[in-house]
There are 2 protein chains.
Amino acid sequence: MSTEERPTLDRDRLAETALKLIDRDGLAALSMRKLGAELGVEAMSLYHYVKNKDDLLDSVLDCLYSEVDVLPQGPGVAWEPAIRHGLRSLHEVLLRHPAAVELFSSRPARSQASIGKLFVSYQSFAAGGLEGLEAFQAFRFAVAYVLGHSATELGVLAQLKVDPSWSSSSMTDPALQQFLEQSAKVPGSEMFENGLDLVMSALRSAYNVPQS
Amino acid sequence: MSTEERPTLDRDRLAETALKLIDRDGLAALSMRKLGAELGVEAMSLYHYVKNKDDLLDSVLDCLYSEVDVLPQGPGVAWEPAIRHGLRSLHEVLLRHPAAVELFSSRPARSQASIGKLFVSYQSFAAGGLEGLEAFQAFRFAVAYVLGHSATELGVLAQLKVDPSWSSSSMTDPALQQFLEQSAKVPGSEMFENGLDLVMSALRSAYNVPQS
DNA sequence: ACCTGAACACCGTTCAAGT
DNA sequence: ACCTGAACACCGTTCAAGT
């Protein structure tokens, strides 16, 4: 009751609130009903702003894209720092929102804003002297690295540990122990920067691109 | 009725059948009830073989790991071909099962078999002359590439297209058109191989590793 | 040991109805 | 135009009961 400030709904407000709930409780826990409750409205009202739940998730993805900061090409903007800046920003967004990797990995960009942002960041690669397909391959390689690195940080290679109940001889191998320890105590962002260096050097040497 | 061949259930059979349903109808469409029906049993019976749905998905992940073919290190096995073999196999599994990227990206390996497979493939990197943290970083970089590349193939960069309703001047930019066309008509596996070459050359030059 | 049925607290989505 | 309530066909999971 009373003056619950509810500054009129729109697609963006749904998206932001949904993302907030996803960050807090996980992607699987998001429901139209809970989102409605959070917005002080019945679930069915949401269908005025969003076609269905799938469309809602697309809007959340747009929200994530909008958080990525890319430097548009222009005079005084060197291509390599611009690329690094955009990739770092993407990495930060992916880590800030644990469900983001899942969303990026399963849904293509659909809105003008999101596709526009992809294009702007692609242009940094073209500015490096690469043309056409080469620029696209380089772009794709770089995005793949960031997405995949973030995925290993959150999934596959995260918190590996042997279950005490196994204890077959091969599982007490000291080399295995070392492998597991490394996966546990990774220096996080340092590893990301190392990989970023590898990406940039691979691009430079493969495509004969100027040093900066 | 009649002799419905139902060769007794176990965790693996649940996992395989669940994966079959996921491949056919998508991850979101999998339910305990449908899986039960597919196995000729009520949903509640499944809880004898699996702790809950989350545990079921872990078992599906194990199923995916088991499809990845890695070459154990040994005499006569050169490190670079071994690495390429494992990464290609992972890529194939990810493409064969559209929901696999999502599963790998969101769940760590948990079983002895899956962690063992990760370890075996990690050992190829150690065999290249890298030690300790360097080997782990190289391994992680390579896995990140494959996972990320597959994700872009299925998500983010897949089927980008401008919606006719936009048509703001910036969206008819011929450079944007080219960008979108490239994302559409990628030569698929060729792009993967190019990226794999980039990964290997980055590793060789960063870690001063022998040519083969 | 393995399976079932009923039950509980949830889902997404439609539709006719309210203001 | 925006919101609601009831309804439908689903969910995951527990539990007591069957064989």
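Note that the coordinates shown come from a computational prediction; the quantities given were computed from them, not determined experimentally. When reading the values below, keep in mind they use all heavy atoms of this one structure, side chains included, and skip hydrogens, waters and symmetry mates. Note on naming: letters A, B, ... go to the chains in the order of the sequence lines (proteins, then strands), and numbering restarts at 1 for each one.
- The main-chain N or O of A/V101 is found under 3.5 Å from a side-chain atom of A/S105 such that the two form a donor-acceptor pair.
- Between A/M32 atom CE and C/dC11 atom P the separation is 12 Å, expressed in whole Å.
- B/R11 has its CZ atom 19 Å from the P atom of C/dA1, to the nearest Å.
- Ring centroid separation for the pair A/Y122 and B/F179 comes in under the 6.0 Å cut-off.
- With hydrogens and angles ignored, the 3.5 Å screen pairs a side-chain donor or acceptor of A/K34 with a backbone N or O of A/A29.
- Within the nucleic acid shown, B/K51 has no heavy atom closer than 4.0 Å to any nucleic acid atom.
- Rounded to whole angstrom, the span from the CG atom of B/L57 across to the P atom of D/dG12 amounts to 10 Å.
- The interatomic distance linking B/K53 (NZ) with D/dT13 (P) rounds to 8 Å, in whole Å.
- Atom-to-atom, NE2 of B/H48 to C1' of D/dG18 comes out at 12 Å; the value is rounded to the nearest Å.
- Residue contacts shown for B/M44 include a base, since a base heavy atom lies under 4.0 Å away.
- Protein atom CG of A/L35 is 16 Å distant from nucleotide atom C1' of C/dC10, rounded to whole Å.
- Residue A/S31 has no polar side-chain atom (N or O) positioned under 4.0 Å from OP1 or OP2 of C/dC10.
- Listed pair B/Y49 / C/dC3 meets the phosphate criterion, a side-chain N or O lying under 4.0 Å from OP1 or OP2.
- The partner of D/dA16 is C/dT4, judged by Watson-Crick or G-U wobble contacts that both fall below 3.5 Å.
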Apply salt bridge (charged side-chain N to carboxylate O under 4.0 Å, His left out) to the pair A/R84 and A/E80, showing each step before the final yes or no.
CA-CA 6 Å; A/R84 295 181 108 108; A/E80 185 167 334; 2.6 Å; yes
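- In the set C/dC3, D/dC3, D/dT13, the nucleotide with an atom closest to the side chain of B/A43 is D/dT13.
- Contact check, B/K34 against D/dC10: no side-chain N or O comes under 4.0 Å of OP1 or OP2.
- What separates CG of A/D25 from P of C/dC11 is a distance of 11 Å, to the nearest Å.
- Look at CZ on B/R33: it is 10 Å from P on D/dC10, rounded to the nearest Å.
- A donor-acceptor contact closer than 3.5 angstrom is absent between the side chains of A/S124 and A/S121.
- Residue contacts for A/L30: at a heavy-atom cut-off of 4.0 Å it reaches the sugar-phosphate backbone alone, with no base atom in range.
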